[in-house]
Every structure is written in C-alpha cells, then in structure tokens.
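The figures that follow rest on heavy atoms only: side chains count, while hydrogens, waters and symmetry mates do not. Quick note on labels: first sequence line is chain A, next is B, and so on, each numbered from 1.
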There are 2 protein chains.
Amino acid sequence: MVVDGVTDEAVDRLFHALADATRRDILRRCVRGELSVSRLAAAYPMSFAAVQKHVTVLERAGLVTKQRHGREQLVRTDPDAVGRARQALDELESAWRARVDRMSGLLSDDGTGAGPGPGTGPRADPGPDATTNTKKGQDG
Amino acid sequence: MVVDGVTDEAVDRLFHALADATRRDILRRCVRGELSVSRLAAAYPMSFAAVQKHVTVLERAGLVTKQRHGREQLVRTDPDAVGRARQALDELESAWRARVDRMSGLLSDDGTGAGPGPGTGPRADPGPDATTNTKKGQDG
DNA sequence: TCCATCTACAACCATTTGGTTGTACGTTAG
DNA sequence: CTAACGTACAACCAAATGGTTGTAGATGGA
C-alpha cells in the first residue's frame with residue numbers, strides 16, 4: 001500500500017511513534033528545537049536512556065530531527081510531521097471513499113452479481129497490503 | 001492530556017491501532033460493513049484468530065464496530081474514526097502553536113510557572129502524560 | 001591536564017504484541 | 001439431532017517495546 005511515496009512501513013513508524021503519550025509530549029516541547037536530550041529527560045520521571053530511546057523512535061519516524069550544538073544534541077520537531085500523518089489519514093479516507101464509490105459504480109453498471117454477493121467471491125487473493133506487510137515474515 | 005473528552009489512552013489506542021498495515025487494510029475493506037470476521041480472515045495470510053485479534057484492537061480503538069447478523073459478526077468501519085484521529089493531530093498541532101506563541105511572550109524553557117495561562121495552559125508539571133500513562137504501573 | 005557534562009550504546013529484564021493451535025459454544029442447514 | 005460454520009477465548013511462543021543500569025566516547029571549562 002504505497003500511495004504517494006510513503007511506504008507502509010513509514011506509516012507504521014509514524015503512527016507507532018504517535019501512539020505514546022510521552023512521545024507526543026516530547027513533540028509538543030520540541031517545536032522550538034531548543035531542548036537538548038538531557039534537558040528533555042529531566043522533564044520526565046524516567047531515565048535519560050529511556051528518553052533517548054523515545055527520541056530515537058521519533059527520529060526514525062521522521063517526526064523530529066537532531067542537531068548538534070556543542071556537546072548537546074538539540075531536538076526539534078519537524079513542522080511537516082503532522083502534515084505527513086494527516087496525509088496518511090487522508091489516504092485512508094480516500095481509499096474508503098474510492099471503495100464505496102467503486103462498489104456503487106459496479107452495482108449500477110453491471111449488477112450481475114458483481115456486488116458483494118458471496119457467489120462472485122469479491123477477492124480470493126490476500127489483498128494489496130497483506131502481501132506487502134511481511135515486515136515480520138510469518139511464513140514459519 | 002485530555003482536551004476534548006479524548007483521553008491520552010484513547011489516543012494511544014487510536015494511533016496504535018493505525019500503526020499496522022493489516023489493520024489499516026481491514027479498515028479500508030470494512031467501510032460497507034458487509035464483511036464477517038471469517039470472510040475478512042480469508043483475505044489475509046494468517047489465522048482466523050489473528051485477524052480476530054486485529055479486529056478487537058480496532059474495536060477497542062473505536063475504529064470499527066461489530067454487528068451480529070445471524071451467526072456472523074459483520075465488521076464495519078466507523079466513518080467518524082478518521083475524524084477522531086485527525087482531531088488528535090489537530091490537538092498536537094495546536095499545542096505546538098500555543099507553545100510557540102506563549103514562548104514568544106515569556107521565554108520560559110520548561111513551562112514551569114507559566115503564570116499567564118492558568119486555564120489555557122496545557123500543563124505545568126514536568127511529567128503530565130508520564131504520570132497519567134501508568135498503563136504499565138511499574139511500582140513493583 | 002583533569003573533571004564534569006552530554007551523548008551513545010550495550011546488556012538485561014518485565015510486559016506487550018502478534019502470531020499460532022486447540023477447544024468450547026452458538027447458530028444455521030440438512 | 002447432527003454436522004458444518006462462525007465466533008470467542010485460552011494457552012502458548014517468539015519478537016518487539018519500554019524501562020533499567022552500566023560503560024565508554026566526545027565536548028567544554030577550570
């Protein structure tokens with residue numbers, strides 16, 4: 001399911017990174033890009049290393065960037081990040097509409113069992129994503 | 001971080017549910033609400049139980065609903081689901097802007113002691129979400 | 001130089017996740 | 001009633017996640 005150059009795995013990372021309250025809070029704090037990792041870490045009831053891992057998750061998701069400033073590493077939220085997430089949602093939504101629209105079209109065009117009727121078997125193949133989401137490789 | 005009746009945990013569940021290509025694909029397929037869980041399961045290279053779990057994750061995130069139809073359980077994507085996700089993104093983004101705007105005024109680095117925003121201030125204590133995201137509860 | 005700070009990363013642990021199989025139960029068809 | 005289908009759920013397992021501590025390498029200042 002690659003729509004606009006954004007791969008499934010990128011969307012996975014994006015939403016996964018957003019699915020944690022601490023990470024979302026880091027995003028909110030780092031808009032100005034003035035917080036180092038250790039200063040950031042001081043704001044949470046967890047170790048420096050834990051916050052470092054959160055920042056890494058955000059970085060790999062493309063939500064923040066790091067910039068060295070002396071011995072500090074300043075974390076900065078990418079302003080376009082929310083845009084990418086929103087785009088992923090838009091793609092989902094448009095896919096829905098496309099699907100609804102297509103089905104409406106089929107029903108009004110053919111009508112000879114082309115609908116969701118069980119007899120035609122809407123699809124026997126695993127589907128678009130099912131074949132590409134082999135991020136785990138569950139063949140064993 | 002509760003803004004509009006949507007708790008942090010709800011946002012966690014929402015984004016976590018979206019962070020999986022199989023689940024996103026299920027969402028796309030179930031707009032019409034005509035697919036039972038077993039028919040859905042037939043579309044993926046995994047067991048029925050695995051798909052059942054995915055549907056449960058989506059259901060707990062409020063992204064789909066199930067409706068019994070005879071012995072089948074028809075899965076249907078909630079049309080407002082994307083709206084909720086988008087709202088969560090909007091809240092993130094608006095929090096950014098609010099923070100930038102506020103910092104322009106008082107140049108506080110931690111936000112601690114943010115006087116001019118008692119009701120509007122998103123938070124004042126360092127670990128806002130971190131304290132509330134005790135979904136793990138590592139007290140032992 | 002020497003020390004304090006910041007960062008990076010490895011090792012380790014408990015819990016969660018995502019998958020499997022097996023079993024039990026309700027519903028429909030014959 | 002019995003068989004088949006669809007669902008639900010438990011038990012189990014490998015891998016990922018989120019946390020910890022410890023150690024080592026850069027960097028900046030006295």
Peer 1: Does OP1 or OP2 of D:dA8 have a side-chain N or O of B:Lys66 closer than 4.0 Å?
Peer 2: yes
Peer 1: Using atom OH of B:Tyr44 as one end and atom C1' of C:dT20 as the other, report the distance to the nearest whole Å.
Peer 2: 19 Å
Peer 1: Same hydrophobic cluster for B:Phe48 and B:Val55, using side-chain heavy-atom links shorter than 4.5 Å among ILVMFWY?
Peer 2: yes
Peer 1: If the sugar-phosphate is the primed atoms plus P, OP1 and OP2 and the base is the rest, what is the B/S/- string for nucleotides 24-30 of chain C, using protein heavy atoms under 4.0 Å?
Peer 2: ---BB--
Peer 1: On DNA chain D, compare the nucleotides closest to B:Ser38 and A:Arg23; which residue's is nearer the 5' end?
Peer 2: B:Ser38
Peer 1: Please determine, for the side chain of A:His16, which listed nucleotide (C:dC6, C:dG18, D:dT17) has the closest atom?
Peer 2: D:dT17
Peer 1: Does any residue of residues 47-60 of chain B have a heavy atom under 4.0 Å from DNA chain C, and if so, which ones, in number order?
Peer 2: B:Ser47, B:Ala49, B:Ala50, B:Lys53, B:His54
Peer 1: Rounding to an integer number of Å, can you tell me how far B:Glu72 CD sits from D:dT7 P?
Peer 2: 6 Å
Peer 1: Flag this pair as yes if the NZ/CZ of A:Arg29 is under 6.0 angstrom from the six-membered ring centre of A:Tyr44 and inside a 45 degree cone about the axis; otherwise no.
Peer 2: yes
Peer 1: Taking A:Ile26 as the fixed residue, which of A:Leu40, A:Thr77, A:Val37, A:Leu63 is the one that meets the side-chain contact (heavy atoms from CB on, under 4.5 Å) rule?
Peer 2: A:Leu40
Peer 1: Working note: B:Arg39 + B:Glu72, criterion salt bridge (charged side-chain N to carboxylate O under 4.0 Å, His left out); need CA distance, chi angles, decisive distance, verdict.
Peer 2: CA-CA 10 Å; B:Arg39 182 161 290 275; B:Glu72 292 181 337; 5.9 Å; no
Peer 1: Using whole Å, what does the distance between atom P of nucleotide D:dG18 and atom CD1 of A:Ile26 come to?
Peer 2: 11 Å
Peer 1: Tell me: CZ of A:Arg24 to P of D:dG18, nearest whole Å?
Peer 2: 12 Å
Peer 1: Taking all atoms of both residues into account, what is the closest heavy-atom pair of B:Leu92 and A:Arg24, and its distance?
Peer 2: CD2-O, 3.8 Å
Peer 1: Are B:Val64 and B:Val82 linked, directly or through other ILVMFWY residues, by side chains that come within less than 4.5 angstrom of each other?
Peer 2: yes
Peer 1: When the distance from CG of A:Asp12 to P of C:dT17 is rounded to whole Å, what number comes out?
Peer 2: 15 Å
Peer 1: Taking atom P of C:dT5 as reference, at what distance in whole Å does atom CZ of A:Arg39 sit?
Peer 2: 13 Å
Peer 1: Please report, rounded to the nearest Å, how far the P atom of D:dT27 is from the CG atom of A:Leu74.
Peer 2: 15 Å
Peer 1: Salt bridge between A:Glu93 and B:Arg86, side-chain N to carboxylate O under 4.0 Å?
Peer 2: yes
Peer 1: According to side chain to side chain donor-acceptor pair (under 3.5 Å), who are the partners of A:Asp80, at least two apart in sequence or on a separate chain?
Peer 2: none
Peer 1: Please give, in whole Å, the distance from C:dT20 P to B:Met46 CE?
Peer 2: 7 Å
Peer 1: Should B:Val57 and A:Phe15 be counted in the same cluster of Ile, Leu, Val, Met, Phe, Trp and Tyr side chains packed under 4.5 Å apart?
Peer 2: no
